[in-house]
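First the structure, in the form of structure tokens, and then the observations on it.
The structure displayed is predicted, hence computed values, not measured ones.
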Amino acid sequence: MPSAPVPVTDPENPKIQRWDDIGLVLIHDFITEEEEAAMIAAFHAVDPRLDGKRRISQHFGYHFDYTTFGASDTRFTPVPSYITDFLPRLPVQDYLPDQFTAQYYPPGAGIPPHVDTHSMFGEALYSLSYGSAVPMVFRMSDANDARKMRLPRRSLQSSASESKLEGVSGTDARSATTAPDSQTTMKVKSKLEEPSPEHPSWELVLPPRSLLLMTGPSRYGYTHGIKSRKTDIINGEMVHRQGRYSITMRSIRRGDEIGCDCMFPGVCDARIREEQGRPVAAQSMDVLVQEK
């Protein structure tokens with residue numbers, strides 16, 4: 001698979017790489033090794049299970065709501081200091097995330113390619129990676145993705161209920177779940193792993209302690225995912241995956257803020273809703289969710 005297009009390195013900070021044409025930014029060493037160790041310890045203080053088979057999710061701020069496909073108005077878990085401490089360092093300060101999902105991925109776990117929902121959250125989409133490095137696969141969406149996103153999909157209700165039953169543990173049982181599907185993204189199920197003849201995919205390695213920021217086309221028009229495999233080729237060498245952690249961060253839209261007028265109507269949940277003449281709650285029931 002091709003490597004990522006060549007980025008521009010920030011002249012003032014060589015740890016920042018930018019792909020300005022698609023609104024993608026990767027910041028190396030966004031957190032320190034000490035912060036990383038403290039975050040991993042805090043994660044497992046809430047949920048100590050590591051069975052090597054399934055992801056573990058913890059929600060902070062307003063919880064993801066599986067019935068509205070937005071954020072809950074009532075379910076709230078205080079955001080821990082290991083997250084709030086780095087918020088002033090985020091590259092976008094005009095508005096800050098207020099919905100957070102921390103995840104543990106066992107070695108070999110992947111994420112199907114998907115486009116995150118447009119209408120319910122702000123433009124800046126962050127993914128903080130720590131633990132194992134992993135390549136993320138990007139591809140410009142095409143007509144095939146648009147077609148698949150208009151197919152009927154199974155309800156979130158059953159997966160949400162199963163997650164709550166399986167994953168409750170720790171000091172805040174409401175915020176920890178074991179969930180194969182547990183975030184605000186639109187997943188295209190059928191054969192989406194197949195390469196697109198229209199737009200080739202490419203891989204970007206997310207090193208430990210790095211922060212990925214998606215805005216513009218990379219946020220609204222590109223699919224992104226992680227292949228399920230035990231090893232990766234990184235810098236020409238085969239590397240065995242270890243446990244990986246991530247924190248996906250979004251800013252919530254409510255009321256009149258909900259909507260989208262992006263340039264990618266084929267994969268835009270707001271446009272699909274308009275086409276089908278359906279309210280947000282009804283549309284949300286057809287969408288599956290993933291993480292970063």
Side-chain angles (χ1 to χ4, degrees), residues 4 7 9-10 13-17 24-52 54-61 77-93 96-111 124-136 167 169-172 175-179 182-183 203-214 224 226 229-232 234-235 237 239-250 290-292:
T9 300
D10 191 308
N13 187 345
K15 293 184 177 182
I16 301 178
Q17 296 177 306
L24 189 66
V25 178
L26 180 65
I27 304 177
H28 295 254
D29 296 320
F30 180 76
I31 59 173
T32 66
E33 292 185 4
E34 292 75 18
E35 287 175 312
E36 177 185 44
M39 291 164 68
I40 292 173
F43 186 98
H44 293 296
V46 173
D47 196 321
R49 298 166 303 158
L50 280 179
D51 62 9
R54 61 183 72 184
R55 284 185 275 170
I56 302 173
S57 304
Q58 298 174 5
H59 300 272
F60 302 106
T77 297
V79 182
S81 60
Y82 72 79
I83 292 177
T84 58
D85 286 348
F86 66 66
L87 294 183
R89 306 189 328 240
L90 293 178
V92 177
Q93 289 291 309
L96 292 173
D98 50 6
Q99 196 279 326
F100 307 87
T101 299
Q103 288 258 44
Y104 166 75
Y105 296 85
I111 305 170
L125 171 63
Y126 293 100
S127 180
L128 176 64
S129 295
Y130 50 112
S132 180
V134 68
M136 180 168 279
S169 67
T171 56
D172 186 352
S175 67
T177 62
T178 303
S182 58
Q183 180 78 2
E203 289 188 344
L204 174 62
V205 174
L206 305 181
R209 301 178 297 281
S210 66
L211 179 72
L212 185 71
L213 168 62
M214 287 175 270
H224 58 277
I226 295 173
R229 59 194 182 200
K230 296 290 187 180
T231 61
D232 297 300
I234 298 178
N235 297 326
E237 297 184 0
V239 178
H240 289 270
R241 281 193 196 172
Q242 306 298 319
R244 174 180 175 261
Y245 303 80
S246 72
I247 301 176
T248 304
M249 298 175 273
R250 295 177 173 84
Q290 284 299 314
E291 286 290 349
K292 301 297 169 291

Inset, instruction - Flag the pair M214 / H224 as yes when at least one side-chain heavy-atom distance between them is below 4.5 Å, and no otherwise. - result: yes

Inset, instruction - Run the numbers on L90 and L211 for side chain to side chain contact (heavy atoms under 4.5 Å, CB included), then give the verdict. - result: CA-CA 9 Å; L90 293 178; L211 179 72; 3.8 Å; yes

Inset, instruction - Mind checking the CG-CG spacing from L212 to L128? Nearest 0.5 Å is all I need. - result: 10.0 Å

Legend entry - Distance in Å, M136 CE paired with I111 CD1, rounded so as to fall on 0.5 Å steps: 5.5 Å

Legend entry - Side-chain donor or acceptor of D232 paired with backbone N/O of I234 under 3.5 Å: no

Legend entry - Check: T84 main-chain N/O paired with S81 side-chain donor or acceptor under 3.5 Å: no

Inset, instruction - Compare every heavy atom of I247 with every heavy atom of A102, then report the nearest pair and how far apart it is. - result: CB-CG1, 4.1 Å

Inset, instruction - For G108 and K230, work out which heavy atoms get closest and say how close. - result: CA-CD, 4.1 Å

Legend entry - Beyond-backbone contact of P78 with F60, side-chain heavy atoms, under 4.5 angstrom: no

Inset, instruction - Measure the acute angle between the ring planes of Y245 and H44, then classify it against the limits of 30° and 60° as parallel, tilted or perpendicular. - result: perpendicular

Inset, instruction - Could you check L24 against L204 for side chain to side chain contact (heavy atoms under 4.5 Å, CB included), going step by step and ending with a plain yes or no? - result: CA-CA 11 Å; L24 189 66; L204 174 62; 4.0 Å; yes

Inset, instruction - Check whether any side-chain heavy atom of F86 sits under 4.5 Å from a side-chain heavy atom of M39, and report yes or no. - result: yes

Inset, instruction - Report the C-alpha separation of D85 and I83 in whole Å, then their side-chain angles, then the decisive distance to 0.1 Å, and conclude whether the side chain to side chain contact (heavy atoms under 4.5 Å, CB included) test is met. - result: CA-CA 5 Å; D85 286 348; I83 292 177; over 6 Å; no

Legend entry - Approximate separation, where rounding is to 0.5 Å, of Y126 OH and L96 CG: 7.5 Å

Inset, instruction - Measure the acute angle between the ring planes of F43 and Y104, then classify it against the limits of 30° and 60° as parallel, tilted or perpendicular. - result: tilted

Legend entry - Distance-minimising heavy-atom pair for P208 and A133: CD-CB, 3.6 Å

Legend entry - Row check, Y130 ring normal vs R209 NZ/CZ: under 6.0 Å, within 45°: no

Inset, instruction - Answer yes if the side chains of T101 and H59 hold a donor-acceptor pair under 3.5 Å, and no otherwise. - result: yes

Legend entry - Working for side-chain hydrogen bond (donor to acceptor under 3.5 Å, both in side chains), residues T9 and Q17: CA-CA 5 Å; T9 300; Q17 296 177 306; 5.0 Å; no

Inset, instruction - Give a yes or no answer on whether the side chain of S132 reaches the backbone of Q242 with a donor-acceptor pair at less than 3.5 Å. - result: yes

Inset, instruction - Take I27 and L213, measure what side chain to side chain contact (heavy atoms under 4.5 Å, CB included) needs, and give me the verdict at the end. - result: CA-CA 8 Å; I27 304 177; L213 168 62; over 6 Å; no

Legend entry - N/O donor-acceptor pair under 3.5 Å between R241 side chain and A109 backbone: yes

Inset, instruction - Might you point out which heavy atoms bring L26 and H28 nearest each other, and give the distance in Å? - result: CD2-NE2, 3.7 Å

Legend entry - Donor-acceptor pair, side chain of R244 and main chain of V134, under 3.5 angstrom: no

Legend entry - S246 and Q103 side chains, donor-acceptor separation under 3.5 Å: no

Inset, instruction - Using a cut-off of 6.0 Å, state whether more than 12 heavy atoms not belonging to N235 lie near its atom CG. - result: no

Legend entry - Donor-acceptor under 3.5 Å (Q93 side chain, L87 main chain): yes

Legend entry - Closest approach of R55 to Y105 (non-hydrogen atoms, all atoms of both residues): CD-CE2, 2.9 Å

